[in-house]
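In this chain, numbering begins with 1 at the start of the sequence shown. Computed from heavy atoms alone, side chains included, the values below leave out hydrogens, waters and symmetry copies.
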Amino acid sequence: MKRTFLSMFCAAACAILPASADEIYFEQGFDNSADFAEGSNIPAGWLSVGQKGLYRMKASDLGLPSHSGSYVLGTADTSTNFANCSVYTSGFELKGGKPCTISFWMIGRGGSPASVRYNQIQVTAGTDQTAEAQTIELGITSGQAHADWTQYSFTFTPATTGTYYFALKVVPKMTSCGSLAIDDVIVKGESPSAVVVGEFNTLGEVLAAGF
């Protein structure tokens, strides 16, 4: 009977405690047409800006091997002449003080010579899909051409709970830096925990029973 009471008490008490925080795991590839609104070449909720922006296209059309599937987010022409080429993710409700990581694969074989004509991707976080709101710099990919698909990961710890967006900004080192593509973007983090309303009467009934 004692064991039964403890189990019932635990079940009732646990029901009124805050639930554990929700883990965020978001993965965005570019092969599933259902992720795109009709006529759009950017995933729903995302935004691509710039004269030579990143858009959904076949890797083979860029003269590049695919990473997973056939489609990537890419551009055929990168150059310092085309400024402000960025892609913004959709928003994520993140818990303040808890780290969140964003990772992606990139490829960009550079121009000629590739040792000086190559692309980097600067990663930022902010409260909106605008350059002005992207105030937190998370890092930048290595200064070199990427002949093969390479994965990068960056960590962001928001100071306060709220909705945040990530931006991937193309940074060409010179003119004629060649094509560039990204694929399989993953965001992992923690959203604010929700309080579960418990069955308060259950605990009351247990106590009233005299256990």
Side-chain angles (χ1 to χ4, degrees), residues 13-56 67-68 72-75 83-106 119-142 150-171 180-198 200:
C14 290
I16 62 176
L17 293 176
S20 60
D22 294 326
E23 297 297 321
I24 293 174
Y25 182 87
F26 171 86
E27 183 171 0
Q28 181 66 66
F30 306 103
D31 283 87
N32 189 355
S33 297
D35 293 341
F36 298 78
E38 186 176 355
S40 174
N41 50 15
I42 195 77
W46 288 43
L47 176 66
S48 186
V49 299
Q51 187 176 356
K52 296 288 184 178
L54 295 169
Y55 296 103
R56 184 191 190 219
H67 177 252
S68 64
V72 296
L73 215 61
T75 179
N84 301 320
C85 172
S86 299
V87 62
Y88 298 90
T89 69
S90 54
F92 299 91
E93 185 72 13
L94 301 178
K95 186 173 183 179
K98 296 296 183 179
C100 175
T101 61
I102 177 171
S103 64
F104 58 91
W105 292 81
M106 71 171 288
N119 298 287
Q120 293 175 272
I121 293 180
Q122 181 185 53
V123 183
T124 60
T127 56
D128 204 354
Q129 293 174 317
T130 64
E132 293 75 19
Q134 291 287 316
T135 58
I136 306 166
E137 184 173 344
L138 307 185
I140 191 168
T141 59
S142 61
T150 304
Q151 188 180 38
Y152 285 93
S153 182
F154 299 88
T155 300
F156 167 56
T157 303
T160 59
T161 296
T163 301
Y164 295 90
Y165 303 80
F166 295 100
L168 308 180
K169 180 180 181 180
V170 180
V171 184
L180 172 71
I182 64 172
D183 201 3
D184 296 326
V185 180
I186 297 176
V187 176
K188 294 189 290 185
E190 190 172 302
S191 68
S193 58
V195 175
V196 177
V197 178
F200 291 93

Quiz prompt | Residues forming a ring pair (Phe, Tyr, Trp, His ring centres under 6.0 Å) with Phe92, sequence neighbours excluded | solution = Phe26

Practice problem: Applying side chain to side chain contact (heavy atoms under 4.5 Å, CB included), run through Val87 and Tyr55 and close with a yes or a no. | Solution: CA-CA 9 Å; Val87 62; Tyr55 296 103; over 6 Å; no

Quiz item: Minimum heavy-atom separation for Val171 to Gln122, with atom names?
Solution: CG2-CB, 4.0 Å

Quiz item: Is there a donor in the side chain of Thr163 and an acceptor in the side chain of Glu93, or the other way round, less than 3.5 Å apart?
Solution: yes

Self-check item: For Val123, the option from Phe156, Tyr152, Phe104 that meets side chain to side chain contact (heavy atoms under 4.5 Å, CB included)
Solution: Phe104

Exercise. Return the minimal non-hydrogen interatomic distance between Leu180 and Met106, and the atom names on each side.
Key: CD1-CE, 3.6 Å

Practice problem: Compare every heavy atom of Thr101 with every heavy atom of Ser153, then report the nearest pair and how far apart it is. | Solution: OG-CB, 4.2 Å

Quiz item: If you measure from OG on Ser68 to CH2 on Trp105, what distance do you get to the nearest 0.5 Å?
Solution: 9.5 Å

Practice problem: Identify the heavy atoms of Glu23 and Gly189 that sit nearest to each other, and give their distance. | Solution: OE1-O, 3.3 Å

Self-check item: Heavy-atom pair with the smallest gap, counting every atom of Gln129 and Leu47
Solution: O-CD2, 3.6 Å

Quiz item: Who passes side chain to side chain contact (heavy atoms under 4.5 Å, CB included) against Ala37, sequence neighbours left out?
Solution: Ser40

Practice problem: Please tell me if the side chains of Gln28 and Asp35 come closer than 4.5 Å, counting only heavy atoms from C-beta onward. | Solution: yes

Self-check item: Ser191 (side chain) donor-acceptor with Asp22 (main chain) under 3.5 angstrom
Solution: yes

Quiz item: If you round to the nearest 0.5 Å, how far is CG of Leu138 from OG1 of Thr124?
Solution: 6.5 Å

Quiz item: Counting only N and O atoms by type, is there a donor-acceptor contact under 3.5 Å from the side chain of Gln120 to the main-chain atoms of Thr141?
Solution: yes

Quiz item: What's the spacing between Ile121 CD1 and Lys169 NZ if we round to 0.5 Å?
Solution: 12.5 Å

Practice problem: To the nearest 0.5 Å, tell me how far Leu73 CG sits from Leu168 CG. | Solution: 8.5 Å

Quiz item: Out of curiosity, Ser48 OG to Leu54 CG, how far, rounded to the nearest 0.5 Å?
Solution: 5.5 Å

Exercise. Determine yes or no for a side-chain-to-main-chain donor-acceptor pair under 3.5 angstrom, with Thr161 supplying the side chain and Gly96 the backbone.
Key: yes

Self-check item: Heavy-atom closest pair, residues Leu94 and Pro192
Solution: C-CD, 4.1 Å

Exercise. List the steps, then state whether side chain to side chain contact (heavy atoms under 4.5 Å, CB included) holds for Tyr164 with Cys100.
Key: CA-CA 11 Å; Tyr164 295 90; Cys100 175; over 6 Å; no

Quiz item: Checking Tyr165 side chain against Gln134 main chain: does a donor-acceptor pair fall under 3.5 Å?
Solution: no

Exercise. Report the residue from Val185, Asn41, Ile42 that forms a side chain to side chain contact (heavy atoms under 4.5 Å, CB included) with Phe30.
Key: Val185

Quiz prompt | Lys52 side, atom NZ; Thr75 side, atom OG1 - distance, nearest 0.5 Å | solution = 6.5 Å

